[in-house]
*Asks:* 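Okay, here's the structure, questions in a sec.
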There are 2 protein chains.
Amino acid sequence: MRELDRTDLNILDILQKDGRIAITELAAKVNLSTTPCSERVKRMEREGVIEGYYARLNPKAVKKELLVFLEINLSAKSGDVFDKVRRELLQIPEVLECHLVSGEFDYLVKARLPEMRAYRKLLGELLKRLPASATSRSYIVMEEVKESLYLSLT
Amino acid sequence: MRELDRTDLNILDILQKDGRIAITELAAKVNLSTTPCSERVKRMEREGVIEGYYARLNPKAVKKELLVFLEINLSAKSGDVFDKVRRELLQIPEVLECHLVSGEFDYLVKARLPEMRAYRKLLGELLKRLPASATSRSYIVMEEVKESLYLSLT
DNA sequence: TCTGAAAGGGTTGATGG
DNA sequence: CCATCAACCCTTTCAGA
(Lines give C-alpha, C1' and ligand atoms only; values in the text may rest on other atoms or scores of the structure.)
Protein backbone atom coordinates (compact mmCIF):
# COMPACT_ATOMS: atom_id res chain seq x y z
CA MET A 1 0.00 0.00 0.00
CA ARG A 2 1.65 3.20 -1.22
CA GLU A 3 1.87 6.26 0.97
CA LEU A 4 -0.83 8.87 0.48
CA ASP A 5 0.46 12.24 -0.67
CA ARG A 6 -1.08 15.65 -0.13
CA THR A 7 -3.22 15.38 -3.26
CA ASP A 8 -4.56 11.98 -2.23
CA LEU A 9 -5.57 13.32 1.17
CA ASN A 10 -7.17 16.28 -0.55
CA ILE A 11 -9.19 13.95 -2.77
CA LEU A 12 -10.24 11.83 0.19
CA ASP A 13 -11.34 14.88 2.13
CA ILE A 14 -13.56 16.04 -0.72
CA LEU A 15 -15.01 12.58 -1.39
CA GLN A 16 -15.86 12.17 2.28
CA LYS A 17 -18.03 15.28 2.01
CA ASP A 18 -19.44 14.71 -1.48
CA GLY A 19 -19.35 11.10 -2.59
CA ARG A 20 -21.07 11.82 -5.88
CA ILE A 21 -18.88 14.66 -7.13
CA ALA A 22 -17.92 14.35 -10.81
CA ILE A 23 -14.31 13.43 -11.46
CA THR A 24 -13.84 16.52 -13.65
CA GLU A 25 -14.97 18.77 -10.82
CA LEU A 26 -12.88 16.89 -8.29
CA ALA A 27 -9.87 17.14 -10.59
CA ALA A 28 -10.29 20.91 -10.88
CA LYS A 29 -10.44 21.26 -7.10
CA VAL A 30 -7.17 19.43 -6.60
CA ASN A 31 -5.44 21.01 -9.64
CA LEU A 32 -5.19 17.92 -11.78
CA SER A 33 -6.61 16.90 -15.11
CA THR A 34 -9.23 14.18 -15.04
CA THR A 35 -7.07 11.23 -16.00
CA PRO A 36 -4.61 11.22 -13.09
CA CYS A 37 -7.39 12.21 -10.71
CA SER A 38 -9.52 9.29 -11.81
CA GLU A 39 -6.52 6.98 -11.51
CA ARG A 40 -5.80 8.10 -7.97
CA VAL A 41 -9.39 7.48 -6.96
CA LYS A 42 -9.40 4.05 -8.60
CA ARG A 43 -6.14 3.11 -6.98
CA MET A 44 -7.38 4.09 -3.53
CA GLU A 45 -10.55 2.10 -4.12
CA ARG A 46 -8.50 -0.91 -5.19
CA GLU A 47 -6.18 -0.66 -2.21
CA GLY A 48 -9.05 -0.37 0.24
CA VAL A 49 -8.36 3.18 1.36
CA ILE A 50 -11.82 4.04 0.06
CA GLU A 51 -14.15 1.34 1.33
CA GLY A 52 -17.21 2.46 -0.58
CA TYR A 53 -19.73 5.19 -1.34
CA TYR A 54 -23.00 5.50 0.48
CA ALA A 55 -26.11 7.59 0.45
CA ARG A 56 -27.04 8.66 3.92
CA LEU A 57 -30.73 8.69 4.70
CA ASN A 58 -32.77 10.68 7.16
CA PRO A 59 -33.79 8.07 9.75
CA LYS A 60 -37.07 9.82 10.47
CA ALA A 61 -38.01 9.80 6.79
CA VAL A 62 -37.71 6.01 6.71
CA LYS A 63 -39.44 5.45 10.03
CA LYS A 64 -36.46 4.74 12.25
CA GLU A 65 -37.19 7.21 14.99
CA LEU A 66 -35.42 5.39 17.78
CA LEU A 67 -31.68 5.16 18.32
CA VAL A 68 -30.46 2.94 21.15
CA PHE A 69 -27.15 1.76 22.49
CA LEU A 70 -26.87 -1.56 24.29
CA GLU A 71 -24.08 -2.72 26.54
CA ILE A 72 -23.89 -6.48 26.68
CA ASN A 73 -21.82 -8.13 29.36
CA LEU A 74 -20.82 -11.75 29.01
CA SER A 75 -19.76 -13.34 32.25
CA ALA A 76 -18.65 -16.58 30.65
CA LYS A 77 -15.74 -15.30 28.60
CA SER A 78 -14.98 -18.34 26.49
CA GLY A 79 -14.24 -17.87 22.80
CA ASP A 80 -17.27 -19.95 21.89
CA VAL A 81 -19.64 -17.66 23.71
CA PHE A 82 -18.15 -14.56 22.10
CA ASP A 83 -18.47 -16.05 18.63
CA LYS A 84 -22.03 -17.16 19.22
CA VAL A 85 -23.12 -13.76 20.51
CA ARG A 86 -21.39 -12.02 17.64
CA ARG A 87 -23.18 -14.17 15.12
CA GLU A 88 -26.53 -13.46 16.76
CA LEU A 89 -25.89 -9.72 16.73
CA LEU A 90 -24.73 -9.64 13.12
CA GLN A 91 -27.92 -11.32 11.98
CA ILE A 92 -30.07 -8.48 13.24
CA PRO A 93 -30.48 -5.86 10.47
CA GLU A 94 -31.37 -3.14 12.98
CA VAL A 95 -27.88 -3.46 14.50
CA LEU A 96 -25.79 -0.73 12.86
CA GLU A 97 -22.69 -1.13 14.95
CA CYS A 98 -21.21 -3.77 17.16
CA HIS A 99 -17.87 -3.41 18.90
CA LEU A 100 -15.92 -5.55 21.27
CA VAL A 101 -14.75 -3.22 24.01
CA SER A 102 -12.48 -3.29 27.00
CA GLY A 103 -13.71 -1.95 30.28
CA GLU A 104 -16.85 -2.75 32.17
CA PHE A 105 -18.83 -4.46 29.46
CA ASP A 106 -18.06 -6.56 26.42
CA TYR A 107 -20.14 -5.71 23.38
CA LEU A 108 -21.34 -2.23 22.63
CA VAL A 109 -24.22 -2.30 20.16
CA LYS A 110 -25.91 0.54 18.29
CA ALA A 111 -29.32 -0.05 16.74
CA ARG A 112 -31.96 1.97 14.92
CA LEU A 113 -35.58 0.95 15.33
CA PRO A 114 -39.02 2.24 14.39
CA GLU A 115 -40.22 2.84 17.97
CA MET A 116 -40.36 1.55 21.53
CA ARG A 117 -42.36 -1.52 20.64
CA ALA A 118 -39.62 -2.69 18.27
CA TYR A 119 -37.02 -1.96 20.90
CA ARG A 120 -38.75 -4.10 23.52
CA LYS A 121 -39.10 -6.87 20.96
CA LEU A 122 -35.41 -6.69 20.08
CA LEU A 123 -34.43 -6.76 23.72
CA GLY A 124 -36.66 -9.75 24.38
CA GLU A 125 -35.24 -11.66 21.43
CA LEU A 126 -31.70 -10.86 22.48
CA LEU A 127 -32.10 -11.95 26.07
CA LYS A 128 -33.69 -15.19 24.93
CA ARG A 129 -30.80 -15.96 22.62
CA LEU A 130 -27.88 -14.79 24.72
CA PRO A 131 -26.32 -17.07 27.34
CA ALA A 132 -28.05 -17.01 30.73
CA SER A 133 -25.08 -15.32 32.34
CA ALA A 134 -25.26 -12.30 30.02
CA THR A 135 -26.48 -8.98 31.32
CA SER A 136 -27.37 -5.86 29.39
CA ARG A 137 -27.99 -2.17 29.86
CA SER A 138 -29.71 0.13 27.38
CA TYR A 139 -29.34 3.78 26.61
CA ILE A 140 -32.07 5.48 24.66
CA VAL A 141 -30.91 8.46 22.65
CA MET A 142 -32.97 11.54 23.45
CA GLU A 143 -31.21 13.80 21.00
CA GLU A 144 -28.69 13.14 18.26
CA VAL A 145 -26.23 15.97 18.53
CA LYS A 146 -23.84 14.66 15.88
CA GLU A 147 -23.41 11.55 13.75
CA SER A 148 -20.83 11.21 11.01
CA LEU A 149 -18.10 9.04 9.57
CA TYR A 150 -15.92 11.95 8.50
CA LEU A 151 -12.27 11.49 9.41
CA SER A 152 -10.17 14.64 9.56
CA LEU A 153 -7.04 14.20 7.48
CA THR A 154 -4.93 17.16 8.56
CA MET B 1 -43.24 15.37 2.36
CA ARG B 2 -44.86 12.80 0.07
CA GLU B 3 -45.09 9.15 1.04
CA LEU B 4 -42.36 6.91 -0.30
CA ASP B 5 -43.62 4.16 -2.59
CA ARG B 6 -42.07 0.79 -3.25
CA THR B 7 -39.86 2.13 -6.05
CA ASP B 8 -38.56 4.97 -3.87
CA LEU B 9 -37.61 2.51 -1.15
CA ASN B 10 -35.95 0.35 -3.75
CA ILE B 11 -33.92 3.32 -4.97
CA LEU B 12 -32.93 4.25 -1.42
CA ASP B 13 -31.85 0.70 -0.67
CA ILE B 14 -29.56 0.63 -3.70
CA LEU B 15 -28.12 4.11 -3.07
CA GLN B 16 -27.35 3.18 0.50
CA LYS B 17 -25.16 0.36 -0.78
CA ASP B 18 -23.69 2.13 -3.82
CA GLY B 19 -23.79 5.90 -3.57
CA ARG B 20 -21.97 6.40 -6.88
CA ILE B 21 -24.13 4.20 -9.09
CA ALA B 22 -25.04 5.83 -12.43
CA ILE B 23 -28.66 6.86 -12.80
CA THR B 24 -29.04 4.73 -15.94
CA GLU B 25 -27.94 1.64 -14.07
CA LEU B 26 -30.10 2.51 -11.08
CA ALA B 27 -33.07 3.07 -13.39
CA ALA B 28 -32.59 -0.35 -14.98
CA LYS B 29 -32.50 -2.01 -11.55
CA VAL B 30 -35.81 -0.48 -10.50
CA ASN B 31 -37.47 -0.91 -13.92
CA LEU B 32 -37.73 2.72 -14.85
CA SER B 33 -36.26 4.83 -17.59
CA THR B 34 -33.69 7.37 -16.55
CA THR B 35 -35.91 10.45 -16.50
CA PRO B 36 -38.36 9.48 -13.74
CA CYS B 37 -35.61 7.73 -11.83
CA SER B 38 -33.49 10.86 -11.81
CA GLU B 39 -36.50 12.92 -10.78
CA ARG B 40 -37.26 10.63 -7.86
CA VAL B 41 -33.69 10.86 -6.62
CA LYS B 42 -33.68 14.65 -6.95
CA ARG B 43 -36.97 14.95 -5.14
CA MET B 44 -35.77 12.81 -2.24
CA GLU B 45 -32.60 14.88 -2.04
CA ARG B 46 -34.67 18.07 -2.02
CA GLU B 47 -37.03 16.78 0.66
CA GLY B 48 -34.21 15.64 2.89
CA VAL B 49 -34.90 11.93 2.68
CA ILE B 50 -31.41 11.57 1.23
CA GLU B 51 -29.12 13.67 3.43
CA GLY B 52 -26.00 13.26 1.31
CA TYR B 53 -23.47 10.98 -0.31
CA TYR B 54 -20.22 10.03 1.33
CA ALA B 55 -17.09 8.09 0.63
CA ARG B 56 -16.24 5.85 3.51
CA LEU B 57 -12.55 5.52 4.32
CA ASN B 58 -10.57 2.77 5.94
CA PRO B 59 -9.60 4.28 9.31
CA LYS B 60 -6.33 2.34 9.42
CA ALA B 61 -5.31 3.69 6.00
CA VAL B 62 -5.62 7.26 7.27
CA LYS B 63 -3.97 6.59 10.61
CA LYS B 64 -6.98 6.47 12.87
CA GLU B 65 -6.29 3.17 14.54
CA LEU B 66 -8.12 3.86 17.77
CA LEU B 67 -11.87 3.90 18.29
CA VAL B 68 -13.16 4.96 21.70
CA PHE B 69 -16.50 5.60 23.32
CA LEU B 70 -16.82 8.05 26.18
CA GLU B 71 -19.65 8.33 28.63
CA ILE B 72 -19.87 11.79 30.11
CA ASN B 73 -22.00 12.37 33.16
CA LEU B 74 -23.01 15.90 34.13
CA SER B 75 -24.14 16.18 37.69
CA ALA B 76 -25.23 19.78 37.32
CA LYS B 77 -28.08 19.35 34.90
CA SER B 78 -28.79 22.94 34.03
CA GLY B 79 -29.46 23.85 30.42
CA ASP B 80 -26.42 26.10 30.36
CA VAL B 81 -24.08 23.29 31.28
CA PHE B 82 -25.54 20.99 28.65
CA ASP B 83 -25.15 23.61 25.95
CA LYS B 84 -21.61 24.43 26.95
CA VAL B 85 -20.53 20.79 26.96
CA ARG B 86 -22.21 20.20 23.63
CA ARG B 87 -20.36 23.11 22.08
CA GLU B 88 -17.05 21.85 23.43
CA LEU B 89 -17.68 18.37 22.04
CA LEU B 90 -18.77 19.59 18.61
CA GLN B 91 -15.57 21.56 18.22
CA ILE B 92 -13.42 18.46 18.41
CA PRO B 93 -12.97 17.02 14.90
CA GLU B 94 -12.12 13.57 16.27
CA VAL B 95 -15.63 13.33 17.74
CA LEU B 96 -17.67 11.38 15.19
CA GLU B 97 -20.81 11.00 17.22
CA CYS B 98 -22.35 12.68 20.20
CA HIS B 99 -25.71 11.74 21.63
CA LEU B 100 -27.73 12.89 24.58
CA VAL B 101 -28.96 9.74 26.27
CA SER B 102 -31.27 8.73 29.04
CA GLY B 103 -30.09 6.29 31.65
CA GLU B 104 -27.01 6.37 33.77
CA PHE B 105 -25.01 8.92 31.89
CA ASP B 106 -25.69 11.96 29.79
CA TYR B 107 -23.55 12.27 26.69
CA LEU B 108 -22.31 9.29 24.74
CA VAL B 109 -19.39 10.23 22.53
CA LYS B 110 -17.67 8.25 19.80
CA ALA B 111 -14.22 9.35 18.63
CA ARG B 112 -11.55 8.11 16.26
CA LEU B 113 -7.94 8.89 17.08
CA PRO B 114 -4.49 8.01 15.80
CA GLU B 115 -3.35 6.16 18.94
CA MET B 116 -3.27 6.08 22.73
CA ARG B 117 -1.26 9.25 23.05
CA ALA B 118 -3.95 11.22 21.21
CA TYR B 119 -6.60 9.60 23.36
CA ARG B 120 -4.93 10.64 26.60
CA LYS B 121 -4.54 14.14 25.22
CA LEU B 122 -8.22 14.31 24.26
CA LEU B 123 -9.27 13.06 27.68
CA GLY B 124 -7.04 15.61 29.40
CA GLU B 125 -8.43 18.45 27.29
CA LEU B 126 -11.98 17.35 27.92
CA LEU B 127 -11.66 17.07 31.67
CA LYS B 128 -10.06 20.49 31.79
CA ARG B 129 -12.91 22.05 29.86
CA LEU B 130 -15.85 20.22 31.35
CA PRO B 131 -17.46 21.41 34.58
CA ALA B 132 -15.80 20.12 37.74
CA SER B 133 -18.80 17.99 38.60
CA ALA B 134 -18.59 16.01 35.35
CA THR B 135 -17.38 12.43 35.40
CA SER B 136 -16.44 10.22 32.49
CA ARG B 137 -15.81 6.61 31.61
CA SER B 138 -14.04 5.35 28.51
CA TYR B 139 -14.39 2.23 26.46
CA ILE B 140 -11.59 1.34 24.11
CA VAL B 141 -12.72 -0.73 21.14
CA MET B 142 -10.65 -3.91 20.83
CA GLU B 143 -12.37 -5.13 17.69
CA GLU B 144 -14.84 -3.52 15.31
CA VAL B 145 -17.30 -6.25 14.50
CA LYS B 146 -19.64 -4.06 12.46
CA GLU B 147 -20.03 -0.38 11.59
CA SER B 148 -22.55 0.92 9.09
CA LEU B 149 -25.27 3.48 8.49
CA TYR B 150 -27.41 1.15 6.39
CA LEU B 151 -31.10 1.27 7.33
CA SER B 152 -33.17 -1.72 6.32
CA LEU B 153 -36.26 -0.57 4.48
CA THR B 154 -38.39 -3.70 4.38
C1' DT C 1 -46.03 10.08 -14.46
C1' DC C 2 -44.01 7.67 -17.96
C1' DT C 3 -41.15 6.82 -22.63
C1' DG C 4 -37.96 8.13 -26.15
C1' DA C 5 -34.76 10.97 -28.48
C1' DA C 6 -31.42 14.66 -28.86
C1' DA C 7 -27.92 17.83 -26.98
C1' DG C 8 -24.54 18.69 -23.69
C1' DG C 9 -21.20 17.16 -20.60
C1' DG C 10 -18.48 13.45 -18.12
C1' DT C 11 -15.53 9.36 -18.34
C1' DT C 12 -12.00 6.48 -20.23
C1' DG C 13 -8.08 5.04 -22.73
C1' DA C 14 -4.46 5.94 -26.23
C1' DT C 15 -0.70 8.95 -27.17
C1' DG C 16 2.96 11.85 -26.07
C1' DG C 17 5.60 15.11 -22.75
C1' DC D 1 3.38 10.99 -13.05
C1' DC D 2 1.08 14.45 -15.95
C1' DA D 3 -1.86 16.74 -20.02
C1' DT D 4 -4.43 16.37 -24.29
C1' DC D 5 -7.78 14.51 -27.31
C1' DA D 6 -11.24 11.48 -29.21
C1' DA D 7 -14.64 7.92 -28.66
C1' DC D 8 -18.00 6.43 -25.79
C1' DC D 9 -21.33 6.68 -22.16
C1' DC D 10 -24.22 9.20 -19.02
C1' DT D 11 -27.22 12.98 -17.78
C1' DT D 12 -30.63 16.30 -18.68
C1' DT D 13 -34.24 18.28 -21.11
C1' DC D 14 -38.18 18.36 -23.95
C1' DA D 15 -41.96 16.50 -26.92
C1' DG D 16 -45.58 13.40 -26.82
C1' DA D 17 -48.57 9.76 -24.70
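A, B, ... follow the sequence lines: proteins, then strands. Residue 1 opens every chain.
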*Asks:* If I take atom CD in residue B/Glu3 and atom P in nucleotide C/dT1, what distance separates them, rounded to the nearest angstrom?
*Replies:*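 Nearest whole value for this atom pair: 14 Å.
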*Asks:* Give the C-alpha distance, both sets of side-chain angles, the deciding distance and a yes or no for side chain to side chain donor-acceptor pair (under 3.5 Å) between A/Tyr139 and A/Arg137.
*Replies:* CA-CA 7 Å; A/Tyr139 298 99; A/Arg137 270 200 307 188; 3.2 Å; yes
*Asks:* When you measure from the side chain of A/Leu32, which nucleotide among C/dT3, D/dC2, C/dT11 comes out closest?
*Replies:*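 The nucleotide sitting nearest to the side chain is D/dC2.
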*Asks:* Verify the contact: side-chain N or O of B/Arg40 to OP1 or OP2 of C/dT1, cut-off strictly under 4.0 Å; return yes or no.
*Replies:*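 No, no such contact exists.
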*Asks:* In whole angstrom, give the distance that lies between atom CE of A/Met44 and atom P of D/dC1.
*Replies:*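 That distance rounds to 12 Å.
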*Asks:* Would you mind checking if B/Glu94 and B/Lys121 are paired as a salt bridge, meaning a charged N to carboxylate O distance below 4.0 Å?
*Replies:*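 No, this pair does not count.
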*Asks:* Nearest whole angstrom, please: distance from the P of C/dT11 to the CD1 of A/Ile23.
*Replies:*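 Interatomic distance, CD1 of A/Ile23 to P of C/dT11: 6 Å.
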*Asks:* Within this structure, what is the CD-to-P distance between A/Glu39 and C/dA14, rounded to whole angstrom?
*Replies:*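 After rounding, the reported distance stands at 11 Å.
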*Asks:* Please evaluate the base of D/dT13 for a donor-acceptor partner in the side chain of B/Thr35 within a cut-off of under 3.5 Å?
*Replies:*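 Yes, a donor-acceptor pair under 3.5 Å.
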*Asks:* If you take atom types as modelled and just measure distance, does the side chain of A/Thr34 reach the base of C/dG10 with a donor-acceptor pair under 3.5 Å?
*Replies:*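 Side chain to base: no pair below 3.5 Å.
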*Asks:* Please work out if A/Arg43 contacts a base, only the sugar-phosphate, or nothing of the nucleic acid, heavy-atom cut-off 4.0 Å.
*Replies:*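 It contacts nothing in the nucleic acid.
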*Asks:* Between A/Ser33 and A/Arg20, just flag the one whose closest nucleotide in DNA chain D comes earlier from the 5' side.
*Replies:*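 Closest to the 5' end, via its nearest nucleotide, is A/Ser33.
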*Asks:* Relative to the ring of B/Phe69, is the ring of A/Phe69 parallel (under 30°), tilted (30 to 60°) or perpendicular (over 60°)?
*Replies:*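 Ring orientation, 0 to 90° scale: perpendicular.
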*Asks:* Using the closest heavy atom to pick a nucleotide of DNA chain D for each, name whichever of A/Asp5 or B/Glu25 lands nearer the 5' end.
*Replies:*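 Nearer the 5' end of the strand: A/Asp5.
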*Asks:* Rounded to whole Å, how long is the line connecting atom CD of B/Glu45 with atom C1' of D/dT11?
*Replies:*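 Atom-to-atom, B/Glu45 to D/dT11, this comes out as 13 Å.
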*Asks:* Considering only NZ, NE, NH1 and NH2 on the basic side and carboxylate oxygens on the acidic side, decide whether B/Glu125 and B/Lys128 come within less than 4.0 Å.
*Replies:*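 Counted as a salt bridge, because a side-chain N and a carboxylate O are separated by less than 4.0 Å.
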*Asks:* Answer yes or no: is there a side-chain heavy-atom contact under 4.5 Å between B/Leu149 and A/Glu147?
*Replies:*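 A side-chain contact under 4.5 Å exists here.
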*Asks:* If you look at every strand shown and take non-hydrogen atoms under 4.0 Å, does B/Ser38 touch a base, only sugar-phosphate, or nothing?
*Replies:*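 Sugar-phosphate, no base atom in range.
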*Asks:* When the distance from NZ of A/Lys42 to P of D/dC1 is rounded to whole Å, what number comes out?
*Replies:*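 Interatomic distance, NZ of A/Lys42 to P of D/dC1: 17 Å.
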*Asks:* D/dT4, C/dT11, C/dT3: which one has an atom nearest the side-chain heavy atoms of B/Pro36?
*Replies:*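 Comparing D/dT4, C/dT11, C/dT3 against the side chain of B/Pro36, the answer is C/dT3.
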*Asks:* C/dG9 base to A/Thr24 side chain: any donor-acceptor pair below 3.5 Å?
*Replies:*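 Side chain to base: no pair below 3.5 Å.
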*Asks:* Starting at atom CG of B/Asp8, determine the distance to atom C1' of C/dT1, rounded to an integer number of angstrom.
*Replies:*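 In whole Å, C/dT1 C1' lies 12 Å from B/Asp8 CG.
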*Asks:* Which whole-number value in Å describes the distance from A/Ile11 CD1 to D/dC1 C1'?
*Replies:*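 Checked: the CD1 to C1' distance equals 13 Å.
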